[in-house]
Amino acid sequence: MTEEKNKLVSVAAVVLTLPLKVSRLPERGTTVLGSAKRPGVGESAEVMLAAARQGVEVINMSCLGTGPNSTQARQVLREANIETRTVEVVGDIGMKIQMIEEGGYYASVLTTGVEIDISGRELDKVSMHPGDVVYISAGDLTHTSYRAALSQWLPSLPDQVKVVMAATPQISQIDPHCVSEVLPHVDVLTCNEYESQFLPGSVGHLTCGYVAEKLPESAWVVERIGSYGAKIIDADRQTMVPSLSIKVADTLGVGSAHTGVLLASLVKGLDPFEAIERANVAGAMAAEKHGNDTCPSESEIEQRLSEVPAYR
């Protein structure tokens with residue numbers, strides 16, 4: 001009998017993305033000229049594609065509909081061998097419009113669609129086993145249906161299934177109470193410096209005390225510190241894990257690449273430090289390229305690991 005491999009199950013929204021290159025972001029009441037790039041898939045899709053590129057099984061539990069946005073997303077995921085287990089619903093997924101300035105920094109506008117119409121009954125269709133990893137997004141917690149599904153499903157997960165939550169840029173607009181309800185089920189929380197200040201109970205930065213108070217025992221936090229790398233923070237200590245020294249071409253997709261490789265590393269059973277080190281390399285390599293879906297493959301990451309400064 002073949003032993004079943006561990007898998008990643010993503011319970012986070014998939015949307016279509018429309019990147020627009022602009023010289024600068026428009027001021028209120030003004031118009032700037034821009035150039036549109038080919039639409040792609042975004043939000044959790046970028047994270048799943050990054051994880052699949054590391055050779056792990058990935059299952060999508062975001063709803064896809066009958067419209068053209070969903071058709072494109074379904075095709076992209078299928079080509080990456082990412083299986084969607086949710087039923088097809090009438091309607092279409094939302095869209096994320098990204099305005100990208102020269103220098104690679106951006107601002108986005110996000111619309112929602114059927115991607116958040118998930119139910120606990122749908123999630124129960126996925127058989128979960130110890131060693132599996134679940135990915136959720138704090139940005140989706142604004143939706144009542146998403147919160148209800150998680151509140152029913154997360155407490156039912158077997159022991160040793162890791163739940164990883166990304167704060168995402170939307171965390172600044174989420175009711176802190178909604179996030180607080182989920183944190184007791186989160187084993188790994190990942191965010192950047194900006195996002196960390198909006199986590200419930202945060203005083204502008206994350207500490208060991210925060211982890212001990214807000215998260216389950218043995219949980220830990222990944223806080224990305226720009227080009228320097230990322231901190232790993234647990235209830236006892238903080239450790240800075242450095243990254244590569246690179247020239248930034250574009251910050252699109254950096255967080256998704258980092259999170260996707262982190263998730264894949266956990267599926268493979270790597271320890272937190274190894275997982276973050278690989279994720280840092282992936283994020284740095286993604287920043288060297290233009291576009292959203294720029295996460296390197298497992299072998300490409302291996303080739304650059306030796307460039308990471310020693311830290312322990």
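With 3.5 Å as the limit, one finds a donor-acceptor pair spanning the side chains of Asp92 and Ser70. Between the side chains of Ser127 and His129, at least one donor N or O sits under 3.5 Å from an acceptor N or O. For the residue pair Ser297/Ser299, the side-chain donor-acceptor check at 3.5 Å is satisfied. Judged by distance alone, the side chains of Glu223 and Ser196 do bring a donor and an acceptor atom under 3.5 Å apart. Looking only at atom types and distance, the side chain of Glu43 has a donor-acceptor partner in the side chain of Gln170 under 3.5 Å away.
Of the charged side-chain nitrogens involved, none lies within less than 4.0 Å of a carboxylate oxygen, so that Lys231 and Glu193 do not count as a salt-bridged pair. A salt bridge links Arg278 with Glu302: at least one charged nitrogen is closer than 4.0 Å to a carboxylate oxygen. Salt bridge annotation for Glu101-Lys21: absent, with no cationic side-chain nitrogen under 4.0 angstrom from a carboxylate oxygen. Checked for salt-bridge contact, Asp132 and Lys7 meet the test: a charged N lies under 4.0 Å from a carboxylate O. A salt bridge between Lys96 and Glu46 is absent, with no side-chain N of the basic residue lying under 4.0 Å from a carboxylate O of the acidic one.
Annotation: ring-ring contact (aromatic ring centres under 6.0 Å, His included) contacts involving residues 154-198, sequence neighbours excluded, comprise Tyr194-Phe198.
Remark: Ile59 CD1 to Leu77 CG distance equals 12.5 Å, nearest 0.5 Å.
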